[in-house]
Amino acid sequence: MAKFRRRTCIILSLFILFIFSLMMGLKMLRPNKATFGDPFGLELLPLLHQQTRLGKSFDSQNNDKINRETSNKNLKSVEITMKPSKASEPYLEELQPLNYYLHVFYYSWYGNPQFDGKYIHWNHPVLKHWDPRLTKNYPQGKHSPPDDIGSSFYPELGIYSSRDPSVIETHMKQMYSASIGVLALSWYPPGTNDENGENTDDLVPTILDKAHKYNLKVTFHIEPYSNRDDQNMYKNVKYIIDKYGNHPAFYRYKTKTGSALPMFYIYDSYITKPEKWANLLTITGSRSIRNSPYDGLFIALLVESKHRYDILQGGFDGIYTYFATNGFTYGSSYENWARLKFFCDQFNLLFIPSVGPGYIDTSIRPWNAQNTRNRISGKYYETALGAALHAHPSVISITSFNEWHEGTQIEKAIPKRTSNTVYLDYRPHKPSLYLELTRKWSEKYSKERATYESDQKLPLS
């Protein structure tokens, strides 16, 4: 019995010694500056980083005071980063720098009763087919939010308003998390709007401010407003540059000559005759914007193959393809991108293919099912991105961040079921799937572009 007690005591003593050694070892593994050092990746968060970059022109007493305040701020920063994040949101501080050659089309036309007094765009009407005989076979009228919206997907943020500052902030965070450098803002001149919305030019200052907070840049996607021509385009470009051009988030692209010029995407540019565009965009044009304070890079939408020569005649600086449906147009067909890139290289144009995660607009065009493109859990998107990279483009554009009507959004969507509708979602993946895929390909594009830009002498940003 005594021998048994002795053996038990020895085993217990060894167990206690093991636990003590393990605790000491774990303590030694803890970073020495876990409380007061900069959190990992703080340099990627400019707003927080500014708090630690204090001037050195103060006296020692002020410096001591500032250092104490800075330590407290750093402590708060650590506390913030140590909080567990939502499963669908990656840690911002772990991400690579933004890619300013990756642009995403962004829409600020949504509204709800809380911020706008009514629903805007979420209640999009069901559009009629051009053949009245076919129209009668499909639903009529408008959607009725919040359960019935003009989309086949349902946003994680709910039926939001584009005027809600917290929504704009969340959108910028999501773009930042995806390593997107530039948002191309859908824009109508003051006093004009699309047929289902209202003018949102007054939102531009807030969007610029929120974008700047996350080091994002903003360019303008000029929509086909009523009677758009060379004369009012000159006035509107002048308006944009005069009003927003000095903001630090206003996007400029460095050309081969070293000039930093604003970029403007011109949606449905083919509607206006090339002779009109030439008045504005060629040096000899009657309203030439060239070599003036309002000069820029004007990017035309290429839909058909023949538009190439109209774009040249009009004096444009590049082409983009916009549509996320492979095979829908000549420009949106991946198989044509190598030829388009060759054409652009011949005539010193920027080639900007547009990629998307999928396409489905049957909530507003129920007769257009033949143009639906299934997302296939991200495979469709990755195929498009791979095709774009293969063409060695000047820039890649994404259609879209939040065009919910056409189902091209990479914004977070969630499962939702109502008595009448089962919305599509990203399962079995997280709501952040397409942001994560974008980040992956953004980093890949940055690396690949660096390897060919010197050979092709592409513009540097």
Side-chain angles (χ1 to χ4, degrees), residues 88 104-110 119-127 129 138-139 142-160 162 171 174-175 178 180 183-184 186 194 196-197 221 267 321-329 331-334 353-385 397-418 420-438:
S88 64
V104 68
F105 295 112
Y106 181 71
Y107 295 87
S108 60
W109 57 25
Y110 300 102
Y119 289 110
I120 303 173
H121 263 275
W122 299 116
N123 61 343
H124 199 290
V126 177
L127 301 177
H129 194 277
Y138 296 100
K142 282 189 169 186
H143 288 278
S144 180
D147 288 336
D148 171 28
I149 64 173
S151 172
S152 294
F153 294 86
Y154 205 87
E156 183 182 68
L157 293 178
I159 308 310
Y160 59 75
S162 296
H171 285 169
Q174 290 188 19
M175 290 182 219
I180 295 168
L183 66 97
S186 172
D194 73 282
N196 296 298
H221 190 196
Y267 189 71
T321 60
Y322 187 76
F323 299 104
T325 303
N326 182 27
F328 176 58
T329 69
S332 70
S333 299
Y334 310 157
S354 303
V355 301
Y359 187 93
I360 180 167
D361 66 356
T362 51
S363 67
I364 62 169
R365 300 182 187 98
W367 35 265
N368 195 37
Q370 71 272 14
N371 284 314
T372 295
R373 297 295 183 271
N374 194 302
R375 295 187 173 222
I376 324 172
S377 295
K379 290 183 176 63
Y380 182 88
Y381 192 34
E382 295 202 82
T383 299
L385 286 159
S397 55
I398 299 169
T399 305
S400 62
F401 181 79
N402 64 338
E403 218 296 7
W404 290 91
H405 305 311
E406 296 182 343
T408 62
Q409 79 289 337
I410 62 171
E411 184 184 353
K412 296 179 183 181
I414 58 170
K416 185 175 177 65
R417 178 190 296 266
T418 71
N420 298 319
T421 307
V422 178
Y423 288 92
L424 301 175
D425 56 66
Y426 306 159
R427 290 180 298 182
H429 303 283
K430 298 180 293 185
S432 59
L433 170 63
Y434 293 95
L435 301 174
E436 293 170 8
L437 290 176
T438 303

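In this chain, numbering begins with 1 at the start of the sequence shown.
Scanning for side-chain hydrogen bond (donor to acceptor under 3.5 Å, both in side chains) contacts around Thr399 gives an empty result, with sequence neighbours left out. For His124, the ring-ring contact (aromatic ring centres under 6.0 Å, His included) partners are His121, His405, not counting sequence neighbours. With sequence neighbours excluded, the residues forming a side chain to side chain contact (heavy atoms under 4.5 Å, CB included) with Thr438 are Leu102, Ala178, Ile180, Tyr381, Ile398, Ile410, listed by chain and number. Not counting sequence neighbours, the partners of Ile360 by the side chain to side chain contact (heavy atoms under 4.5 Å, CB included) test are Ser152, Phe153, Thr362, Thr372, Leu424. The side-chain hydrogen bond (donor to acceptor under 3.5 Å, both in side chains) check on Ser332 picks up Thr329, with sequence neighbours excluded. The side chain to side chain contact (heavy atoms under 4.5 Å, CB included) search around His429 returns Ser377, Leu433, not counting sequence neighbours. Under the side chain to side chain contact (heavy atoms under 4.5 Å, CB included) criterion, Ala184 pairs with Phe105, Thr219, His221, Tyr265, not counting sequence neighbours. Listed by chain and number, the residues in a salt bridge (Lys or Arg N to Asp or Glu O under 4.0 Å) with Arg417 amount to none (sequence neighbours excluded). The side-chain hydrogen bond (donor to acceptor under 3.5 Å, both in side chains) check on Tyr106 picks up His171, with sequence neighbours excluded. When the side-chain hydrogen bond (donor to acceptor under 3.5 Å, both in side chains) test is applied to Tyr160, the partners found at least two apart in sequence or on another chain are Asn402, Trp404, Glu411.
Within the structure, salt bridge (charged side-chain N to carboxylate O under 4.0 Å, His left out) contacts touching residues 142-155 (residues at least two apart or in different chains) are Asp147-Lys416. Counting only residues at least two apart or on different chains, the salt bridge (charged side-chain N to carboxylate O under 4.0 Å, His left out) pairs with a member in residues 362-383 are Asp361-Arg365, Arg365-Glu406, Glu382-Lys440.
Using a 4.5 Å heavy-atom cutoff, the side chains of Val104 and Ser397 are not in contact.
Under a 3.5 Å cut-off, the side chain of Thr325 and the backbone N or O of Phe328 do not form any donor-acceptor pair.
Taking OH of Tyr110 as the start and CG of Leu157 as the end, the distance is 12.0 Å to the nearest 0.5 Å.
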